[in-house]
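This report concerns only the one structure given below.
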Amino acid sequence: SSMLYTVSPYNNDESRGKIVFASHFQHVISTMTDDVWLHIAIRPSIAKTACQSGRNMIQIGFDTSHSCAIARNHVEKQRRLMQQKVKRGIENLLHEFSQNKLVDER
């Protein structure tokens, strides 16, 4: 998926949850772990609409530092894949413009 969601239990029922944050991976700036805590920095303009707190940092607690590291690796992998996809899209667009002479050559 190209989206990052954080979910909290709904009415203390771990089988149900509510989304407290949602954003595309391309809006993730960086990640950092601190033992069982995963910190995810997102673009400030996105944080205003995507995050209830309006802050550009999301903190997620895990049961173990190992689980936290696995989650961070997944977020970083998805962020890199999204960056590569955007880069390829820009390169393809520039190539298409140059092939179709859509760029004004003055």
Side-chain angles (χ1 to χ4, degrees):
S1 172
S2 62
M3 294 288 292
L4 170 66
Y5 296 99
T6 57
V7 179
S8 68
Y10 183 73
N11 290 336
N12 294 324
D13 180 358
E14 292 191 15
S15 65
R16 299 176 63 202
K18 64 179 178 177
I19 296 173
V20 293
F21 170 78
S23 178
H24 289 277
F25 278 103
Q26 71 191 54
H27 301 301
V28 173
I29 297 171
S30 67
T31 62
M32 183 184 89
T33 57
D34 179 17
D35 193 28
V36 296
W37 289 96
L38 173 60
H39 305 276
I40 303 172
I42 58 170
R43 299 192 191 289
S45 59
I46 300 304
K48 291 176 186 173
T49 57
C51 181
Q52 290 178 349
S53 68
R55 298 186 351 237
N56 67 324
M57 182 70 71
I58 304 298
Q59 294 90 17
I60 305 169
F62 290 86
D63 292 334
T64 67
S65 58
H66 180 70
S67 296
C68 184
I70 290 171
R72 179 183 185 211
N73 289 340
H74 179 72
V75 170
E76 285 296 325
K77 177 183 175 185
Q78 293 303 315
R79 184 175 72 88
R80 282 191 304 275
L81 290 172
M82 186 59 65
Q83 286 175 334
Q84 291 169 358
K85 182 179 177 181
V86 168
K87 180 181 175 186
R88 280 192 308 272
I90 292 170
E91 289 171 348
N92 290 341
L93 185 61
L94 291 173
H95 179 74
E96 186 177 312
F97 279 156
S98 68
Q99 294 298 313
N100 293 324
K101 305 292 185 200
L102 296 175
V103 176
D104 189 12
E105 298 176 5
R106 292 183 191 186

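The analysis underlying the following values was restricted to heavy atoms, covering all of them including side chains, and did not include hydrogens, waters or symmetry mates. The first residue of the sequence shown is numbered 1, and numbering continues consecutively from there.
Between Gln26 and Val86 there is a side-chain heavy-atom pair separated by less than 4.5 Å. The shortest distance between side-chain heavy atoms of Glu96 and Asn92 does not fall below 4.5 Å. Counting heavy atoms from C-beta outward, Asn56 and Arg43 have side chains that stay 4.5 Å or more apart. Under the 4.5 Å side-chain criterion, counting only non-hydrogen atoms from C-beta, Ile40 is not in contact with Thr6.
In this structure, Thr33 OG1 and Ile70 CD1 are separated by 12.0 Å, a value rounded to the nearest 0.5 Å. Remark: Leu93 CG to Ile90 CD1 distance equals 8.0 Å, nearest 0.5 Å. Atom CZ of Arg79 is separated from atom CD1 of Ile42 by 13.0 Å, given to the nearest 0.5 angstrom. From Cys68, atom SG reaches atom NE2 of His39 across 7.5 Å, with rounding to the nearest 0.5 Å.
A donor-acceptor distance shorter than 3.5 angstrom exists from the side chain of Arg72 to the backbone of Thr31, with no hydrogens or angles considered.
What you find for Ser8 and Val20 is that their closest heavy atoms are OG-CG1, 3.6 Å. The shortest heavy-atom contact between Val36 and Ser65 is CG1-N, 3.6 Å. The two residues Gln59 and Trp37 come nearest to each other via the heavy atoms CB-CE3, 4.1 Å. Closest approach of Ser2 to Met82, counting heavy atoms only: CB-CE, 3.2 Å. Here the shortest heavy-atom pairing between Met3 and Phe25 reads O-CE1, 3.1 Å.
The environment of CG in Asp13 is crowded: more than 12 heavy-atom neighbours from other residues, nucleotides or ligands sit within 6.0 Å.
We find that Glu91 and Arg88 are not joined by a salt bridge, their nearest charged nitrogen and carboxylate oxygen being 4.0 Å or further apart.
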